[in-house]
Amino acid sequence: MNAFPIEFPLRDESNRRRSAEAAAQADIERALREGGRLRPVWLDRFANWWAMAVRELRPGAAVDPGPAPRGCLN
């Protein structure tokens, strides 16, 4: 029998991912049990994410007139 341990990197990575997902789910469930209160750190993260997500939606930010049509004087 082989004395060297066999490593399964994909299995280990999958286990770590599942553990991280379970920890995140436990945090969500705990926050919901506490009445949905979020810590200021999470509120700050959400506020920063939201600001970046809607930056392109501000009036004038996403307007790209592009080249003028042929025959247009402007």
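We're numbering straight along the sequence, starting at 1. The basis for the numbers below is simple: all heavy atoms, side chains too, and nothing from hydrogens, waters or symmetry mates.
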S.K.: Can you hop from V41 to F46 via hydrophobic side chains spaced under 4.5 Å?
M.R.: no
S.K.: Out of curiosity, D27 CG to W42 CH2, how far, rounded to the nearest 0.5 Å?
M.R.: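 Between atom CG of D27 and atom CH2 of W42 there are 7.0 Å.
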S.K.: Applying salt bridge (Lys or Arg N to Asp or Glu O under 4.0 Å), name anything that partners E29, two or more places apart in sequence or on another chain.
M.R.: none
